[in-house]
Amino acid sequence: MTVADLSVPESARGGCIAIGNFDGVHKGHVGMLQALHQLSAQTNSHSVAVTFDPHPIAVLRPEFTPPVLTTIEERTSLLKNHGADEVVVLPVTRALLDMTADHFFLDVVVGQFQAQGIVEGPNFHFGKDRQGEIGLLRRLCDAHGVQCRIVEPVIDDEHMISSSRIRELLCSSALAQAVDLLGHPYRISGGVRRGAGRGRTIGFPTANLSDIETLLPAHGVYAGVTQIKGRRFPVAVSVGPNPTFGEHREKIECHVDGYSGDLYDERLSVDLIREIRGLQSFSSVQELVNQIEADVEFARRSASDFL
């Protein structure tokens, strides 16, 4: 059985590849990409990061699909920023997932990518039911003249850096720790929609984001930065309901400090840097205004290195 043509572009053939979900493109992934760049230089070829869309679990067991940390577009950009000459997104189908490990290696790695080398982490699995492991990968590479490099995991605080660990931190109001493991701010992107307009009446207009595809951090107020028309601005972001005004619907409200234009129906990306505080209810509007002023000042200080 041969899987359907994956439409691997000619520019991605004949190089060195690294295969993975690469969700978040965190420090562990960056270590792989550095090793990939070194191997491609040694083989006088190019480096190719191979990722998947959707996540394989979304096809196998959709009820257990983890929320993504990066959109495919952002993932591709980050992979290239960290040294990948080419990024190929494999469409995940049942046929692809039903390939045995040997078949996947021969048909995809050797046949369609024509890989000279491959770089993976020690926990890499491939083929149906994840039956292929590093030992088999080494043997297949030796048999088919493909250079193989296995990189050690990147450890932080005695734990391996992983996408699942970063998701846990984001959901535990530990955004600053998540950002540290990522090695870059955590981005959320959404369309700007009209809200109640209450922020404008108290001097802090907000852009209300909707249709966000990535994992939202835990309810709270966060510091971030955004870029609008080539200029970067600090942002104070509230994720969750507004208890002061008795609103229980989850909202993502962004006050872009120093920007006064109309963002309605635009798509806004905000790079979150760290948490400011949890959500709370205030006894008066003035008390809320005082706290927002402090939040915005905190966001300005946090964003200063990114402006």
Side-chain angles (χ1 to χ4, degrees), residues 1-8 12-26 28-40 42-43 45-62 64-66 68 72 75 79 84 86-155 160-165:
M1 179 182 72
T2 300
V3 73
D5 180 15
L6 296 173
S7 299
V8 175
R13 299 175 189 265
C16 295
I17 67 175
I19 303 172
N21 286 310
F22 292 114
D23 193 17
V25 192
H26 54 62
H29 297 141
V30 172
M32 283 181 58
L33 292 166
Q34 291 171 342
L36 178 65
H37 177 75
Q38 293 168 358
L39 183 59
S40 64
Q42 291 169 12
T43 58
S45 64
H46 49 279
S47 58
V48 183
V50 183
T51 188
F52 301 95
D53 188 39
H55 193 293
I57 295 177
V59 175
L60 294 171
R61 303 190 70 181
F64 292 106
T65 305
V68 296
I72 286 296
R75 194 179 312 171
L79 289 167
E86 298 281 344
V87 176
V88 176
V89 181
L90 293 185
V92 177
T93 63
R94 177 65 70 169
L96 181 69
L97 298 177
D98 281 345
M99 298 176 76
T100 64
D102 293 68
H103 183 202
F104 179 86
F105 183 88
L106 291 173
D107 190 33
V108 177
V109 176
V110 175
Q112 301 200 42
F113 280 96
Q114 301 168 13
Q116 293 191 48
I118 186 168
V119 174
E120 298 297 342
N123 296 325
F124 177 66
H125 289 80
F126 61 107
K128 185 176 182 179
D129 299 327
R130 294 168 51 86
Q131 292 180 349
E133 37 69 47
I134 292 303
L136 176 60
L137 180 65
R138 289 187 188 276
R139 293 192 295 273
L140 288 169
C141 285
D142 288 343
H144 295 276
V146 178
Q147 295 199 42
C148 182
R149 298 286 186 275
I150 306 301
V151 300
E152 291 300 314
V154 177
I155 305 298
M160 183 178 75
I161 296 177
S162 66
S163 300
S164 58
R165 185 177 167 206

Can you measure from NZ (Lys128) to CG (Asp98) and round to the nearest 0.5 angstrom? 5.0 Å
Does a sphere of radius 6.0 Å around NE2 in His37 hold more than 12 heavy atoms from other residues, nucleotides or ligands, not counting ones at 6.0 Å or beyond? no
Taken in chain and number order and not counting sequence neighbours, the residues that satisfy ring pair (Phe, Tyr, Trp, His ring centres under 6.0 Å) with Phe126 are Phe124
To the nearest 0.5 Å, how far apart are OG in Ser162 and CG in Asp23? 11.0 Å
Just jot down the salt bridge (Lys or Arg N to Asp or Glu O under 4.0 Å) partners of Arg94, sequence neighbours excluded, or say none. none
Got a list of side-chain donor-acceptor pairs under 3.5 Å for residues 141-150, not counting sequence neighbours?
{"from": "Gln147", "atom 1": "OE1", "to": "Arg149", "atom 2": "NH2", "distance (Å)": "3.1"}
{"from": "Arg149", "atom 1": "NH2", "to": "Gln42", "atom 2": "OE1", "distance (Å)": "3.4"}

Who pairs with Val30 by side-chain contact (heavy atoms from CB on, under 4.5 Å), at least two apart in sequence or on another chain? Gln34, His82
Residues in side-chain hydrogen bond (donor to acceptor under 3.5 Å, both in side chains) contact with Ser47, at least two apart in sequence or another chain: Asp85
Partner set under ring pair (Phe, Tyr, Trp, His ring centres under 6.0 Å) for His26, not counting sequence neighbours: His29
With heavy-atom distances below 4.5 Å as the criterion, would you say the side chains of Asn21 and Pro56 are in contact? yes
With a 3.5 Å cut-off and sequence neighbours excluded, list the donor-acceptor pairs that the side chains of residues 114-123 form with protein atoms.
{"from": "Gln116", "atom 1": "NE2", "to": "Gly14", "atom 2": "O", "distance (Å)": "2.8"}
{"from": "Glu120", "atom 1": "OE2", "to": "Ile19", "atom 2": "N", "distance (Å)": "2.7"}

Kindly write out the residues that satisfy side-chain hydrogen bond (donor to acceptor under 3.5 Å, both in side chains) with Thr51, not counting sequence neighbours, or none if the list is empty. Arg75
Supply the atom-to-atom distance His55 NE2 to Arg61 CZ, rounded to the nearest 0.5 angstrom. 13.5 Å
Set of side-chain hydrogen bond (donor to acceptor under 3.5 Å, both in side chains) partners for Thr65, sequence neighbours left out: none
Using the test side-chain contact (heavy atoms from CB on, under 4.5 Å), find all partners of Asp53 that sit at least two apart in sequence or belong to another chain. Ile72, Val89
For Ile161 against Gly28, the heavy-atom pair lying closest together: CG2-N, 4.3 Å
Report yes if some heavy atom in the side chain of Phe104 is under 4.5 Å from a heavy atom in the side chain of Leu96; otherwise report no. yes
Provide the closest heavy-atom pair for Phe113 versus Ala12 in the form atom of the first, atom of the second, distance. CD2-O, 3.7 Å
Would you check, one step at a time, whether the test side chain to side chain contact (heavy atoms under 4.5 Å, CB included) holds for Val59 with Thr93? CA-CA 7 Å; Val59 175; Thr93 63; over 6 Å; no
Interatomic distance, Asp107 atom CG to Thr100 atom OG1 [nearest 0.5 angstrom]: 10.0 Å
As an exercise, state the distance from NE2 of His46 to CG of Leu36, rounded to the nearest 0.5 Å. 10.0 Å
Of all residues at least two apart in sequence or in a different chain, which pass the side-chain contact (heavy atoms from CB on, under 4.5 Å) check with Glu133? His125, Leu136, Arg139
By side-chain contact (heavy atoms from CB on, under 4.5 Å) - contacts of Ile155 (at least two apart): Pro153, Met160
